[in-house]
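Heads up: the structure comes next, in structure tokens.
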Amino acid sequence: MADSESPKPRTDFIRDMIHADQAAGRNDGWVITRFPPEPNGYLHIGHAKSICLNFGLAEEFGPKARCHLRFDDTNPTKEETEYVDSIEQDVRWLGFDWGEHLYFASDYFEALYGYAMQLIEKGLAYVDDQTPEQIRETRGTLTSPGTDSPFRNRSVEENRDLFARMRAGEFANGAKVLRAKIDMASPNINLRDPVIYRILKAAHHRTGDAWSLYPMYDFAHPLSDAIESITHSLCTLEFEHHRPLYEWLIQNVDGLPGQPYQREFARLNLTYTVMSKRKLLRLVKEGFVNGWDDPRMPTISGLRRRGYTPEAIRVFCKTIGLTKFNAVTDVALLEHALREDLNRRALRAFAVLDPIKVVLENYPEDAEEFIDCVNNPEDEASGTRPVPLCRELFIDRDDFMEEPPPGYHRLRPGGEVRLRYAFCIQCHEVIKDESGRVTELRCTYDDATRHGKKPEGRPKVKGIIHWVSARHAIPAEVRLYDRLFTVEQPDAMEQDFTELLNPESLTVVTTAQLEPSLAEATVAQRYQFERLGYFAVDAVDSKPGALVFNRTVGLKDSWAKQMAKA
RNA sequence: UACCCCGUGGUGUAAUCGGUAACACAACGGAUUUUGGUUCCGUUUUUCUAGGUUCGAGUCCUAGCGGGGUAGCCA
């Protein structure tokens, strides 16, 4: 079945594995995955990789396949409903659907408690009275084994009693924990009697104060997977060392509905940004950006507000592949996927960011006309629109130079340039203010050059520029975004990452003048401001009559590149 | 200096059983173009190192080197 989003058919070690499982007849052919976010922050483009993987698998391996959305909400001190809502919205926006299969680890608290009790009965878990410090000290180090807790060999009866009383709230936070009884000398620290329950007298966003103890991730995750009959539990590389513990639990707990297994893949790293929730949270809390959905953030909500499309993100996720190699992906790959999508779907429009007034001296004062402009050259069906033109226009300051360098095709004194879709104009006079800043150009237009016509014997006019009728233009604010950081890998530097922020990551342009059709611009519609880039209405700040546009991404600009090299 | 994972152009990935290392991005050059956009054509650059097995190794074996991860009552 062809996937129009797919640059090419993809395979990877995960898909190979699943095919092998199916060939071996495991799980009766079912493929059940899950996307398991903790509701303690907003989703970012790295999560999109995991979402596309897990939900993508469910689409590819259907009909005996599905993907669950499960909130891993086992730590009430960090989790909030606000995050649950944003996560659901972001997954849906990316184009995925969990159907009936929305779950919360907190829904399993009772079952998990039962499983813990079962381990106690089997002599595979014990209540430890040591302090956190003592537990840390007796855990050993990376190079030396740990030592047994003095409470390790409590009787089943005593453990059962103590664990029940932990639940009943008889003990203070930190007074006791439940540990799995595995091997304090294991070279894998996760197997040195890991803590599986801690006392935490905190209100949970869903269960309120019903519980005074909560399961740890290492305990809750594999068992939640098993409860949901997950077949393939896919997570990132840093959980690799936890796999033996995952398997230990699946093997040692009886009566589980499923027998999932865990495999790990490399998380996404992107150049010129940071991806850890902790760092993103700092950017928000310390005011370096304006919230989680700041268009400079790599969050899904930030990318959405900036004007990214879900299709572009999905194509990007396919392009980057899936491996166990800890790679750093060039953000240019993301931007390429974006431009490719936007080029196809964006409506073209004229916008002048930094206007210079142009007066067409031979154009009648009271006249006006409408020029037919193509809405999208990539899509004939999108048609044309009439754009008004009169004696006074705005053009962009970048499109005029008094003393241009060689190769400059735009307007200069005495020079000629074509107004896109209209006609050529010639500049006769440059008017400046006291500071020497150009304020107005006196020009004449050539009616014989309409519709791209080139009169005989005249040199071809190479420069084509966009324009807006001064009499009809509507003002707007335009926000220009650049990369958030000045270095490719802020994480790899010795400085604190906040010292590497790009001071020019946001430029607010308040002088923009737009063609009038843009007054009806909608948040959902993407636009290309011709010769400038792709822009989207800001969903938060834009108002009718006070439009705000975000630059999603600029057009490739080989002239700017050439100038930068000079 | 313990254990686990990983090393393919500048970047991200692919390569069936061991059989001519390929795709995309980026960069560079050119053509087309009423967007210095798009599109098209072309160019540069690759298997971490050293041995071994083999007619033949990116792939198998050994040793080394390099990178990442791990000592929360976080996930």
Side-chain angles (χ1 to χ4, degrees), chain A residues 7-8 10-12 36-38 40 72-75 77-79 128 130-132 135-137 139-146 173-179 186-190 192 194-200 213-214 216-218 220-221 235 237-244 264 266 271 277-278 319-337 339-340 343-344 348 350 373-374 377-378 407-410 418-424 449 451-454 461-466 488 528-533 554-563:
Chain A
K8 63 180 170 190
R10 274 276 172 202
T11 189
D12 51 65
E38 181 189 13
N40 70 341
D72 227 328
D73 55 349
T74 57
N75 185 351
T77 63
K78 289 188 175 176
E79 295 148 8
D128 196 343
Q130 291 184 108
T131 64
I135 288 180
R136 182 168 7 95
E137 284 159 13
R139 183 156 34 224
T141 69
L142 293 176
T143 53
S144 62
N173 284 353
K176 286 176 166 48
V177 291
L178 185 71
R179 301 177 73 176
S186 171
N188 183 336
I189 290 180
N190 293 301
R192 318 238 263 234
V195 171
I196 56 178
Y197 264 94
R198 78 284 213 188
I199 297 171
L200 217 49
L213 78 178
Y214 293 90
M216 300 287 289
Y217 166 87
D218 278 323
H221 201 89
C235 60
L237 250 27
E238 67 271 24
F239 293 102
E240 235 166 348
H241 319 68
H242 298 245
R243 191 152 108 196
E264 311 81 16
T271 55
K277 270 192 201 172
R278 201 195 107 254
T319 304
I320 58 177
L322 192 72
T323 66
K324 301 189 73 162
F325 177 67
N326 212 306
V328 182
T329 300
D330 192 335
V331 72
L333 238 46
L334 212 211
E335 292 179 343
H336 171 76
R339 287 197 185 97
E340 196 174 48
N343 180 47
R344 271 197 304 261
R348 313 292 130 122
F350 291 152
C373 296
V374 174
E378 308 295 322
Y408 186 81
H409 297 157
R410 284 106 99 155
R418 175 174 293 282
L419 298 182
R420 173 145 234 234
Y421 294 127
F423 38 61
C424 295
T449 58
H451 311 300
K453 282 207 279 285
K454 302 182 244 316
V461 174
K462 280 194 195 158
I464 300 159
I465 64 173
H466 58 278
E488 276 199 11
Q528 183 199 97
F529 292 173
E530 292 218 20
R531 304 208 305 129
L532 298 177
L555 252 25
K556 283 205 272 186
D557 188 344
S558 57
W559 170 248
K561 195 187 281 182
Q562 196 177 322
M563 286 301 94

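Owing to the predicted nature of the structure, the values given are computational and were not obtained by experimental measurement. Throughout, a chain's letter reflects where its sequence line sits, starting with A, and its residues are numbered from 1.
Residue A/Thr323 places at least one side-chain N or O closer than 4.0 Å to OP1 or OP2 of B/rU13. Here A/Lys556 reaches the OP1 or OP2 of B/rU38: one of its side-chain N or O atoms lies under 4.0 Å away. In this structure, A/His409 does not reach the B/rG36 phosphate: none of its side-chain N or O atoms is under 4.0 Å from OP1 or OP2. The phosphate of B/rA27 (OP1 or OP2) has a side-chain N or O of A/Lys561 nearer than 4.0 angstrom. Contact check, A/Arg531 against B/rG36: a side-chain N or O comes under 4.0 Å of OP1 or OP2.
Atom pair A/Lys324:NZ and B/rU8:P shows a separation of 15 Å (rounding to whole Å applied). Distance A/Gln528 CD to B/rU34 P: 16 Å, rounded to the nearest Å. A straight line from CD of A/Glu340 to P of B/rG37 spans 16 Å, rounded to a whole angstrom. Here the C1' atom of nucleotide B/rG37 and the CZ atom of A/Arg344 are 15 Å apart, to the nearest Å. Distance A/Phe325 CZ to B/rG7 P: 8 Å, rounded to the nearest Å. Going from atom CG of A/Leu333 over to atom P of B/rC23 covers 16 Å, rounded to whole Å. Atom CG in A/Asp12 sits roughly 17 Å away from atom P in B/rG12 (whole-Å rounding). Summarising the geometry, the separation between CZ on A/Arg410 and C1' on B/rG37 is reported as 12 Å, rounded to the nearest angstrom.
Spacing between B/rC28 and B/rG10 at atom C1', rounded to whole Å, works out to 13 Å. When the C1' atom is used for both B/rU16 and B/rA21, the distance is 15 Å, rounded to whole Å. Nucleotides B/rA14 and B/rG29 are separated by 32 Å at their P atoms, to the nearest Å. With both ends at atom C1', the span from B/rU45 to B/rU35 equals 32 Å, rounded to whole Å. Between B/rC48 and B/rC6, the distance separating the two P atoms is 14 Å to the nearest Å. The C1' atoms of B/rU46 and B/rA15 are separated by 13 Å, rounded to the nearest whole Å. Rounded to whole Å, the separation between the C1' atoms of B/rG37 and B/rC23 comes to 24 Å. Comparing the C1' positions of B/rC4 and B/rU43 gives an interatomic distance of 43 Å, to the nearest angstrom.
Across the strands present, B/rA71 finds no partner; the criterion is a Watson-Crick or G-U wobble pair with both atom distances under 3.5 angstrom. Searching all strands for a Watson-Crick or G-U wobble partner of B/rU62 with both distances below 3.5 Å returns B/rA50. With a cut-off of 3.5 Å on both pairing distances, the Watson-Crick or G-U wobble partner of B/rC25 is B/rG10. With both pairing distances under 3.5 Å, B/rC17 is matched to nothing as a Watson-Crick or G-U wobble pair.
Between the side chain of A/Arg339 and the base of B/rU38 there is no donor-acceptor pair of N/O atoms closer than 3.5 Å.
Counting only N and O atoms by type, the side chains of A/Thr77 and A/Asn75 include a donor and acceptor under 3.5 Å apart.
Annotated as anti: B/rG10, whose glycosidic dihedral deviates from 0 by more than 90°.
For the pair A/Thr449 (side chain) and A/Phe423 (backbone), a donor-acceptor distance under 3.5 Å is absent. Looking only at distances, no side-chain donor or acceptor of A/Glu340 sits under 3.5 Å from a matching main-chain atom of A/His336. Although no hydrogens or angles enter the test, the distance criterion places no donor-acceptor pair under 3.5 Å between the side chain of A/Arg420 and the main chain of A/His466. A distance-only check finds a donor-acceptor pair linking the side chain of A/Asn190 to the backbone of A/His241 [under 3.5 Å]. A donor-acceptor contact shorter than 3.5 Å is absent between the side chain of A/Asp72 and the backbone of A/Tyr217.
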Heavy-atom contacts, protein to nucleotides 64-75 of chain B, under 4.0 Å, summarised as B (base), S (sugar-phosphate only) or - (none) per nt, yield ----SBBBSBSB
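Base engagement by A/Pro377 is indicated by at least one non-hydrogen atom pair under 4.0 Å involving a base atom. Residue A/Arg348 is classed as a base contact, given a heavy-atom separation below 4.0 Å to a base. If you check every strand for non-hydrogen atoms under 4.0 Å, A/Phe350 touches nothing. When heavy atoms are screened at a 4.0 angstrom cut-off, A/Val328 is found touching the sugar-phosphate backbone but no base atom. No engagement by A/Gly146 is indicated, since no non-hydrogen atom pair under 4.0 Å with the nucleic acid exists.
Between A/Arg198 and A/Thr74 the shortest heavy-atom distance is NH1-O, 3.4 Å. What you find for A/Cys424 and A/Val461 is that their closest heavy atoms are SG-CG2, 4.0 Å.
Across the interface with RNA chain B, nearest-nucleotide mapping of A/His336 and A/Leu555 shows A/His336 to be the residue nearer the 5′ end.
Using a cut-off of 4.0 Å between Lys/Arg side-chain N and Asp/Glu carboxylate O, A/Glu38 and A/Lys78 are scored as not salt-bridged.
In this structure, the side chains of A/Glu240 and A/Lys324 come closer than 4.5 Å at one or more pairs of heavy atoms.
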